[in-house]
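Just follow the structure's listing: the first ligand is 1, and inside any ligand the first atom is 1. Everything numeric in this text was worked out from a predicted model, so none of it was measured.
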Amino acid sequence: MLAERMSRVSTSPTMKVAGEAEKLKRQGVDVVDFGAGEPDFPTPEPAKSAAKTAIDQNYTKYTPPAGAADLKQAICNRYKMDYGVSFTEAETIVTAGGKQALFNIAMVLYNPGDEVITHAPYWPTIPEQVKLMGATPVIVQTRPEDGFKVHPDAIIAAMTPKTKAVIINSPCNPTGAVISEAELGAIADAAAKRGIWVVIDLCYEKLIYEPVPHNLVKVLTDRMRDRALFAGSASKAYSMTGWRCGWILGPKEVVAAANTLQGHSTSNVASISQKAALQALTGSQEPVTAMLDEYRTRRDTLMGWFAADPRIECVKPAGAFYLFPRITRVLDAIGISNTGDFAQALLDDARVAVTPGEGFDAPGFLRISYATSVERLREGTNRIFEFVKKRERQGAVAR
Ligand SMILES: Cc1ncc(COP(=O)(O)O)c(C=O)c1O
């Protein structure tokens, strides 16, 4: 009944526990939710009031499918200010979040039979979109031993005559790792030589904790501007996940194709959201710093608590808002064979929702979102430790 292409993609397995947690919460159960892939902060006030003004001024009609000119200009200005790189409006399209930005790129670039290289652990949508196009995701593993570093050699070794693109997500969901400028430069040089596109998912670009050089926009535009694409988003930086506003910056042929595609599918992002995003991008960036400071405190606090169990191996995330510990030694100790079962048992017994690693191509790992208050982090961590202790006791009795 369904189109063949739907047989190539699956609903993210990460959604199973999330769905059950949601159901429990609706029933009034006190679930500590570490599953959230979105900031817990409200959208900053100035963006909200820009949206209210838009409604009051009847800015409620279609805009051009690629987005209003003032917003496209604001995105270009933001990148000029932040990265020192100039883009024109013709090189910019406003999309329904970073997700549609990546989807549009996939639709207009990847052919059946193409290979698209990316790194794991990954955000599941990245390879699924590739599969939806009939292309093949080629996965290069990164490892906690070296902080989930993307090794250019491994990416380059995966390049073949069929490679159409390399997708890099930095900061990475779920690992929090950032790629260095030198590493990206090496990948870009190899890609440019072979006519391969490089797509950067910069959704978490504003959420990097230490001032490390991370001007990926300049690295790529200096080396291979004609084959570099940037997917950005207002979602995480400005706590605007529900507004659905992202963008692509890149060569105008690709942007024009994405515009045609969008013109026949979703058309423009809601006009009201566009005004909110315009304010977020052009107004004070102080709310971003305030949120980042709070995430940093939470990250360090949570890392400190998890350190109490040396079996939990945890790399300090450089960006985004997830801890991604490896818990294989805990699983062995309590006789649970995978993190999917662990997450289910933890939700059933202790009412804590975490995201199992399997969906990120990372068995043995858990994703713990700290986009929640320190009090809830404390409560959830206590429950996890008690759950593990209880299981160990039960195991000991059974033995
Ligand atoms: C790595 C990554 N890229 C892109 C997105 C897309 O977010 P949005 O569509 O809300 O901009 C997400 C959202 O979770 C993400 O984690």
Tell me whether [X] has any N or O atom under 3.5 angstrom from an N or O of ligand 1.
X    : answer
N173 : yes
G98  : yes
S233 : yes

Margin query: Atom NZ of residue position K218 - does it have more than 12 heavy atoms of other residues, nucleotides or ligands inside 6.0 Å?
Written below: no
Which of the numbered atoms in ligand 1 are below 4.0 angstrom from a heavy atom of [X]?
X    : result
K236 : 12 (C), 13 (C), 14 (O)
R244 : 8 (P), 9 (O), 10 (O)
N169 : 1 (C)
G97  : 9 (O), 11 (O)
S235 : 8 (P), 10 (O), 11 (O)
C203 : 3 (N), 4 (C), 5 (C), 6 (C)

Item checked: Ring center gap for F387 and F342 short of 6.0 angstrom -> yes
Check: Are Y204 and F321 an aromatic pair by the rule of ring centers under 6.0 Å?
Finding: yes
Check: Does ligand 1 have a heavy atom under 4.0 Å from the side chain of Q100, from its backbone, from both, or from neither?
Finding: neither
Note to self: Below 4.0 Å, non-hydrogen atoms only: which portion of E38 touches ligand 1? Side chain, backbone, both or neither.
What the structure shows: neither
Atom [atom1] of [X] and atom [atom2] of [Y]: how far apart are they, to the nearest 0.5 Å?
X    : Y    : atom1 : atom2 : value
D201 : I126 : CG    : CD1   : 5.0 Å
K48  : I272 : NZ    : CD1   : 15.5 Å
F230 : L220 : CZ    : CG    : 4.5 Å

Item checked: Best match, T125, L102, D201, I167: closest heavy atom to atom 1 (C) of ligand 1 -> D201
Check: So, is the end of the K164 side chain (NZ or CZ) under 6.0 Å from the ring centre of Y110 and within 45° of the ring's axis?
Finding: no
Notebook entry, point to check: If you look at every heavy atom in L366 and P356, which pair is closest and at what distance?
Noted result: CD2-CA, 4.1 Å
Check: Which residue holds the protein heavy atom closest to atom 5 (C) of ligand 1, what is that atom called, and what is the gap in Å?
Finding: W123 CH2, 3.3 Å
Notebook entry, point to check: Are any of the side-chain nitrogens in K162 or D114 under 4.0 Å away from the carboxylate oxygens of its partner?
Noted result: no
